[in-house]
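All residue numbers in this chain count up from 1 along the given sequence.
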Amino acid sequence: MYQIYFIKQCRNMHYRIAIPSYKRSETIKKKTLNYLIDVCDIKTKIIDVFVANKKEYEDYKYLEDLGIRVIVGVKFLHKQRNYIQNYYNKGEFIMQFDDDIDSLKIKKGKTTLILKDLNSIICIGFNECLKHKTKLFGVGAVDNHFFMNNKISTNLKLCVGACFGVIIDNDISLSLILEEKEDYERTINHFIKFGKVVRLNMIATKTTYYTGAGGMVDNRTEEEQNKSALYLCKKYPNLIKINPHRKSKYLELRLNSRAV
């Protein structure tokens, strides 16, 4: 039903896909790129992979044979996110994915199915951003039909870092300073500036958090995770709090969905 409504807009929408990656030159091909190219039929010419340095580039340059651009950015995820934000021109539509995504899932009754028509969903997300005059949209973090619904929301809900779309805005207020919980920080930054963030609640990521070699896992510590969580709660006490109901060795967070 979503595809039919937006088919005209999709024909005229131009976007690029940006994937920050670190020490996962094989994982990215087996996971995210396999999903985008083989499952969703995304053209390689619109995919950009951002690596940390010239040494990392040597491991990833084989992707250029597939038609993918490999761009040398900077080390550390939040700095790479900022680099990506400033790499593109203001107003461009950029879809970001982590490098270890298995797939996106779409709610279907009391189950979820692999989303194959990714293009239509991306078009919906960006069109909703334009409609509501904001510049960030995201999807759910948990591949579980119980936590998903067929609504598009614009209140303060997490746009998980594994998969999100931005309309490029180089305002320094949108820059990230946290390496951990950077998706919470980005969501809050956009909500403060625009008053809304779009979330497609019928879609969720299928991925494994906090595990796997490479990426943020190589640098993640419990201390840094908890330090970032407490920083956000202190800086934005009306927007975010510690979530006591989620059991984890890290402090988990909950956004105030009723915030205005």
Side-chain angles (χ1 to χ4, degrees), residues 1-3 6 17-21 24 26-42 47 77 81 95-126 128-129 136-166 180-184 186-187 197-217 220 225 229 240 243 245-255 257:
M1 57 181 174
Y2 307 109
Q3 298 93 318
F6 282 100
I17 291 176
I19 309 171
S21 189
R24 287 178 172 169
E26 292 301 320
T27 298
I28 191 174
K29 185 177 180 182
K30 293 177 181 177
K31 292 201 169 187
T32 302
L33 292 178
N34 174 70
Y35 172 64
L36 295 177
I37 299 168
D38 296 336
V39 177
C40 299
D41 197 30
I42 296 294
I47 300 175
L77 181 61
R81 299 285 198 201
M95 194 75 195
Q96 289 198 44
F97 286 90
D98 278 357
D99 55 11
D100 59 347
I101 292 289
D102 292 308
S103 68
L104 295 186
K105 305 293 282 293
I106 186 166
K107 180 178 173 64
K108 181 75 171 180
K110 293 185 177 181
T111 187
T112 61
L113 302 175
I114 292 176
L115 173 68
K116 296 182 179 180
D117 189 4
L118 178 62
N119 179 64
S120 291
I121 292 300
I122 291 174
C123 291
I124 290 171
F126 284 125
E128 288 293 312
C129 284
L136 172 70
F137 82 87
V139 301
V142 181
D143 170 30
N144 184 326
H145 73 88
F146 184 79
F147 299 104
M148 300 164 71
N149 60 61
N150 289 317
K151 297 179 181 180
I152 297 174
S153 61
T154 58
N155 57 335
L156 184 55
K157 290 184 178 180
L158 175 65
C159 295
V160 66
C163 170
F164 63 93
V166 291
E180 303 290 348
K181 306 298 184 184
E182 52 91 24
D183 48 0
Y184 282 92
R186 177 174 43 259
T187 301
V197 292
V198 170
R199 199 170 84 170
L200 310 181
N201 296 301
M202 72 293 297
I203 309 296
T205 57
K206 179 175 173 57
T207 189
T208 304
Y209 297 100
Y210 302 139
T211 61
M216 290 183 68
V217 177
R220 175 173 282 127
Q225 275 274 316
I240 190 168
N243 186 349
H245 303 296
R246 291 185 62 186
K247 303 302 180 182
S248 170
K249 69 177 182 179
Y250 306 118
L251 291 177
E252 298 292 349
L253 296 170
R254 178 172 60 192
L255 289 168
S257 61

Residue pair Phe164 / Val197, side-chain heavy-atom distance below 4.5 Å: no
Spatial distance of atom CZ (Arg254) from atom CG (Leu156) [nearest 0.5 Å]: 12.5 Å
Passing candidate, side-chain contact (heavy atoms from CB on, under 4.5 Å) with Leu158, options Ile240, Leu253, Thr187: Thr187
Closest non-hydrogen atom pair, Arg81 against Pro20: NH1-CG, 3.5 Å
Reported SG-to-CG distance for the pair Cys163 and Leu115, which is rounded to 0.5 angstrom: 9.0 Å
By side chain to side chain contact (heavy atoms under 4.5 Å, CB included) - contacts of Cys129 (at least two apart): Thr134, Phe137, Ile167, Val198
Between CD on residue Gln96 and CD1 on residue Ile17, distance to nearest 0.5 Å: 11.0 Å
With sequence neighbours excluded, residues passing salt bridge (Lys or Arg N to Asp or Glu O under 4.0 Å) with Asp143: Lys105
Backbone N/O of Leu136 and side chain of Arg186: donor-acceptor pair under 3.5 Å: no
For Asn155, side chain to side chain contact (heavy atoms under 4.5 Å, CB included) partners two or more places apart: Ser153, Lys157, Ser257
Closest heavy-atom pair and its distance - Cys159, Gly138: SG-N, 3.5 Å
Spacing of CD1 belonging to Ile203 relative to CG belonging to Leu104, to within rounding of 0.5 Å: 7.0 Å
side-chain contact (heavy atoms from CB on, under 4.5 Å) between Ile106 and Thr112, intermediate numbers included: CA-CA 5 Å; Ile106 186 166; Thr112 61; over 6 Å; no
Ala204: partners by side chain to side chain contact (heavy atoms under 4.5 Å, CB included), with sequence neighbours left out: Met148
Audit row: Asp98, Lys206, salt bridge (Lys or Arg N to Asp or Glu O under 4.0 Å) steps and yes/no: CA-CA 11 Å; Asp98 278 357; Lys206 179 175 173 57; over 6 Å; no
Residues that Asp102 engages under side chain to side chain donor-acceptor pair (under 3.5 Å), provided they are two or more places apart: none
Val166 to Phe126 - nearest heavy-atom pair and separation: O-CE2, 3.5 Å
side-chain contact (heavy atoms from CB on, under 4.5 Å) assessment of Glu252 paired with Gln225: CA-CA 9 Å; Glu252 298 292 349; Gln225 275 274 316; 5.9 Å; no
Interatomic distance, Leu200 atom CG to Lys151 atom NZ [nearest 0.5 angstrom]: 14.5 Å
Test item: Thr207 side-chain N/O and Asp100 main-chain N/O as donor-acceptor pair under 3.5 Å: yes
From CA spacing to verdict: side-chain contact (heavy atoms from CB on, under 4.5 Å), Thr111, His145: CA-CA 6 Å; Thr111 187; His145 73 88; 5.6 Å; no
side-chain contact (heavy atoms from CB on, under 4.5 Å) evaluation trace for Leu77 with Glu180: CA-CA 9 Å; Leu77 181 61; Glu180 303 290 348; over 6 Å; no
From Ile121 atom CD1 to Lys116 atom NZ, the distance as rounded to the nearest 0.5 Å: 14.5 Å
Pairing residues for Thr32 by the side chain to side chain donor-acceptor pair (under 3.5 Å) criterion, not counting sequence neighbours: none
Lys31 with Asp38: basic N within carboxylate O range, under 4.0 Å: no
